[in-house]
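Here the structure comes first, spelled out in structure tokens, and everything after it is commentary.
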Amino acid sequence: MLSQMESMLQLLQQVNASQAETIKKLTEQNESQQSRIKELTAQVAWLNRQLFGRKSEKLGIIDPAQLNLFADIQSEQAQEANDVRDEAVEKIVTTREERKLERRNRFMTEDLPILEQIILRPDNLDETLYKKIGQEVTRVVEHRPGMLYLKEIIREKWGLKDNTAIAPKGMSGVLIAPMPLLPIYKGIAGASLLAEILLQKYEYHMPYYRQIKQYSHLGMKGLTESTVDGWFKQTMPLLRPLYEVLKEEVMKADYVQADETTTPVIDHEKKKAAKEYLWMVRAVMERLVFFHYDQGSRAGAVIESLANRHHFKGYLQCDGLQD
């Protein structure tokens, strides 16, 4: 038990050191950008005063037809100042949003246990030239039956032992392990949690608010329906290839049944649910099913077009109802 506590303490110290280093780096970047902004802003102000302001030395009347030798330089400096200012503002806003998201995620997951760790090292690392200088930790929420837990992805950061040395060709002075692919960008939900959300919604017809109550009981605080819905929307494109393969398998069958059924679809302009149609297509012998939606239409041309696109050659059974 004591050794576990010591290891947890060491891990927390490493995380704190990594966060302190990140904050220091962002602060230095911010100060550098602010200094550059002030410098370029002063240049633009000076140019504006020279062009439009009052000067102690009065200039004679300038011939409008006379060429300005410094027009290009003035325009370039003004454009550079605007570009640097916009870039700095964007970075500051992004940093603030990332910090806010990080604090929110930390609050949501602070009561969850850490049950899994993945430690990643930079590729082609030469330990005779590099030393470990820190690490980046990313936490992902995973699901097991009856529990939620955290999986830590620890990416080691290595720097040159000799600061005056030149990094090998194709390498940089600081190396960090690449981030593995996650299901959703900057999301804390892991693949197992996303799969559970979809299973609860479509297999057991469990709405988001009920799922959120369950996850709250399992230790995840502050989860909202909008967050879960955002995860859901980013998960759908990941399932699209499986859906296309399923359609191919069904349409390769010799005997297929198809029928449409009503489904309510929200009409935002009319602010009410419209009655539209969803097609079910089933390979009878293979016991495979997929659903097909085509602008809510129930016309026979929908299933005919689907069959033609997949070069269907078997028997297609459906009723003869036509609009």
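Through ILVMFWY side-chain contacts below 4.5 Å, V245 is grouped with nothing and stands alone. When hydrophobic residues (I, L, V, M, F, W, Y) are linked wherever their side-chain heavy atoms come within less than 4.5 Å, the members clustered with V289 are V265, L278, M280, F291, Y293. Within the hydrophobic cluster formed by Ile, Leu, Val, Met, Phe, Trp and Tyr side chains joined at under 4.5 Å, directly or through other members, L306 is accompanied by Y243, L246, V250, M251, V256, W279, V281, L288, F290, V302, I303, F312, L316.
Side chain of Q257 to main chain of V284: no donor-acceptor pair is present (N/O by atom type, distance under 3.5 Å, no hydrogens or angles).
For R144 and E116, the salt-bridge test fails: no basic side-chain N is under 4.0 Å from an acidic carboxylate O. With respect to the salt-bridge test (charged N to carboxylate O, under 4.0 angstrom), the residues E248 and K252 do not qualify.
No more than 12 heavy atoms of other residues, nucleotides or ligands shown are found within 6.0 angstrom of CD1 on I166.
Residues passing the salt bridge (charged side-chain N to carboxylate O under 4.0 Å, His left out) test with R309, sequence neighbours excluded: none. In terms of the side-chain contact (heavy atoms from CB on, under 4.5 Å) criterion, S216 has no residue partners (sequence neighbours excluded). Under the salt bridge (charged side-chain N to carboxylate O under 4.0 Å, His left out) criterion, E142 pairs with K151, not counting sequence neighbours. Among residues two or more places apart in sequence or in another chain, the salt bridge (charged side-chain N to carboxylate O under 4.0 Å, His left out) test is passed with K132 by E156. In terms of the salt bridge (charged side-chain N to carboxylate O under 4.0 Å, His left out) criterion, E304 has no residue partners (sequence neighbours excluded).
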Exercise answer: donor-acceptor pairs, residues 169-181 side-chain atoms, under 3.5 Å, sequence neighbours excluded:
{"residue": "S172", "atom": "OG", "partner": "V174", "partner atom": "O", "Å": "2.6"}

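The line from CZ of F232 to OG of S226 is 14.5 Å long, rounded to the nearest 0.5 Å. Summarising the geometry, atom CG belonging to L193 is positioned 6.0 Å from atom CE belonging to M220; distances are rounded to the nearest 0.5 Å. Separating the CD1 atom in I114 from the CD atom in E152 is a distance of 4.0 Å, to the nearest 0.5 Å. Here Q234 contributes atom CD and L182 contributes atom CG; the two are 11.5 Å apart, rounded to the nearest 0.5 Å. In this structure, L160 CG and D162 CG are separated by 7.5 Å, a value rounded to the nearest 0.5 Å.
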- Message: What verdict does the side-chain contact (heavy atoms from CB on, under 4.5 Å) test give for Y315 and D254, after you've listed the backbone C-alpha separation in whole Å, the side-chain angles of each residue and the deciding distance to 0.1 Å?
- Response: CA-CA 6 Å; Y315 291 92; D254 296 330; 5.7 Å; no

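Sequence neighbours left out, not one pair with a member in residues 282-294 passes salt bridge (charged side-chain N to carboxylate O under 4.0 Å, His left out). Listed by first and then second residue, the salt bridge (charged side-chain N to carboxylate O under 4.0 Å, His left out) pairs that reach into residues 228-237 are D229-K233, sequence neighbours excluded. Within the structure, the salt bridge (charged side-chain N to carboxylate O under 4.0 Å, His left out) test picks out the following pairs touching residues 204-224 (sequence neighbours left out): E110-K221, D111-K221.
If you run salt bridge (charged side-chain N to carboxylate O under 4.0 Å, His left out) between E136 and each of K157, R155, K25, only K157 comes through.
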